[in-house]
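Note that these values count all heavy atoms, side chains included, but never hydrogens, waters or copies made by symmetry.
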Amino acid sequence: MTTNVHPNAHAGFATGTTEYYDRVRPSYPTNCLSYVRSQLPNSKSPLKIVEIGAGTGIFTRALLTHPEWATSIGTLRAIEPSNGMRDFWTKCVQDTRCTIVNGTFDNTGVEDGWADLIFIAQASRSILNQAFHWCLDYGKAFIEFDRILNKDGAAVFIWNLADREAAGWVAQVQHCVEARGNGSPRFRLDVLRQAFSTLEYTSLFHPREDKEWAHHGLATDETVTDRALSWSYIAMLPPDEKAKVAESIKDILEQGDGKVWINKEQGTFQDPHTARAMISRKK
């Protein structure tokens, strides 16, 4: 299979790093998932879903345990190019309706017109370390989405981003890690909008329907540091360089610019994020 995925995604998400990745990445707010379900006709159940860039199954499991989605899923076919992530997904997703295979955004292996819905979801910080930002040709991806969706189908893009505007420490951690990006693609809304302005997108899909939600989880210094170290290009660094990253983040968190404590004695504080959903309906 021709791989149209950024090489850092393969190198940084090799077998042996996936359990760590899965443990420290945030999941998705339930109101975001409820909103997406409310935008689909109830008559569509049970749904045929393709999840591209499924990773370790964080989003798959969020769907399966969500009360409005658990009974709506007929078949979920997950697509993931990383061998290590597919192996971890298989261990963690225990549902006979769900399967996972090797594939990419522009080569899913799904039959023409099979899918009611495509999901592309990222559980990450402000640098998206998996899924759509790793795609090297957005035009080919949109052509593939159009091919596998049925005539009333839709593609749903969900991002769960660190809110660097909410607290100084978040922005400082992001800057610390992004400085070591080594050419890895980053989420930037203006770049993303360019992808949705391609001829392939505008000729095949209606304008996006966008909505976002501010939310926060619970964090500790350890979880923030571990999450940063799980990013693909940080995971690729030599041990001494990774230690420098960890030390820099420790200093940032000790300064605690904008930290909002949940329980200071236990070391827990708010972990601000913004969830964004984009629904693209097929023409």
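Two rings, from Phe142 and Phe196, have their centers less than 6.0 Å apart.
Shortest non-hydrogen contact noted between Val170 and Ala162 is CG1-CB, 3.9 Å. Residues Gly258 and Ala167 share a closest heavy-atom pair of O-CB, 3.7 Å. Contact detail for Asp210 and Met278: the closest heavy-atom pair is OD1-CG, 3.5 Å. The minimum heavy-atom distance between Gln270 and Pro272, with the atom names listed, is O-CD, 3.4 Å. Residues Ala115 and Val50 approach most closely at CB-CG2, 3.8 Å, considering heavy atoms.
Taking the charged nitrogens against the carboxylate oxygens, Glu200 and Lys140 have no contact shorter than 4.0 Å, which rules out a salt bridge. For Asp146 and Lys151, the salt-bridge test fails: no basic side-chain N is under 4.0 Å from an acidic carboxylate O. Note on Asp106 versus Arg147: no salt bridge recorded, every NZ/NE/NH1/NH2 to OD/OE distance being 4.0 Å or above. Ionic pairing of Glu241 and Lys244 is present here: one or more N-O contacts between side-chain nitrogen and carboxylate oxygen are shorter than 4.0 angstrom.
In this structure, a donor-acceptor pair under 3.5 Å is present between the side chains of Gln172 and Asp257. No side-chain donor from either of Thr274 and His215 sits under 3.5 Å from a side-chain acceptor of the other.
In this structure the side chain of Leu47 never reaches within 4.5 angstrom of the side chain of Ile73, judged on heavy atoms. At a threshold of 4.5 Å between non-hydrogen side-chain atoms, the residues Tyr138 and Phe105 do not count as touching. Here the side chains of Thr56 and Arg61 are in contact, with some heavy-atom distance below 4.5 Å. In this structure the side chain of Thr90 never reaches within 4.5 angstrom of the side chain of Met85, judged on heavy atoms. At least one side-chain heavy atom of Phe59 sits less than 4.5 Å from a side-chain heavy atom of Ile158. Asp163 has its side chain out of reach of His273: every pair of non-hydrogen atoms, C-beta onward, lies at least 4.5 Å apart. Proximity of Asn83 to Arg86: side-chain heavy atoms (C-beta onward) are separated by under 4.5 Å at one or more points.
Heavy atoms from other residues, nucleotides or ligands lying under 6.0 Å from NE2 of His175 number 12 at most.
Here the side chain of Thr223 pairs no donor or acceptor atom with the backbone of Ala219 at under 3.5 angstrom. Here the side chain of Glu80 pairs a donor or acceptor atom with the backbone of Gly55 at under 3.5 angstrom. Formation of a donor-acceptor pair under 3.5 Å by the Thr268 side chain with backbone atoms of Lys264 is not found in this model. A donor-acceptor pair under 3.5 Å is absent between the side-chain atoms of Lys211 and the main chain of Arg276, judged by distance alone. Within the 3.5 Å criterion, the main-chain N or O of Ile118 finds no donor-acceptor partner in the side chain of Glu51. Here the side chain of Lys48 pairs no donor or acceptor atom with the backbone of Arg77 at under 3.5 angstrom. Under the 3.5 Å distance criterion, the side-chain polar atoms of Ser34 are left unmatched by any main-chain donor or acceptor of Asn31.
Screening Ile279, Val36, Val156 against Glu209 for a side-chain contact (heavy atoms from CB on, under 4.5 Å) leaves a single residue, Ile279. With Phe119 as the partner, the ring pair (Phe, Tyr, Trp, His ring centres under 6.0 Å) test is satisfied by one option alone out of Phe145, Trp69, Phe157: Trp69.
Applying the side-chain hydrogen bond (donor to acceptor under 3.5 Å, both in side chains) test to Asp152 and every residue at least two apart in sequence or in another chain returns nothing.
The cationic group of Lys282 does not satisfy the cation-pi geometry with Phe205, failing either the under 6.0 Å distance to the six-membered ring centre or the 45° limit from the ring axis.
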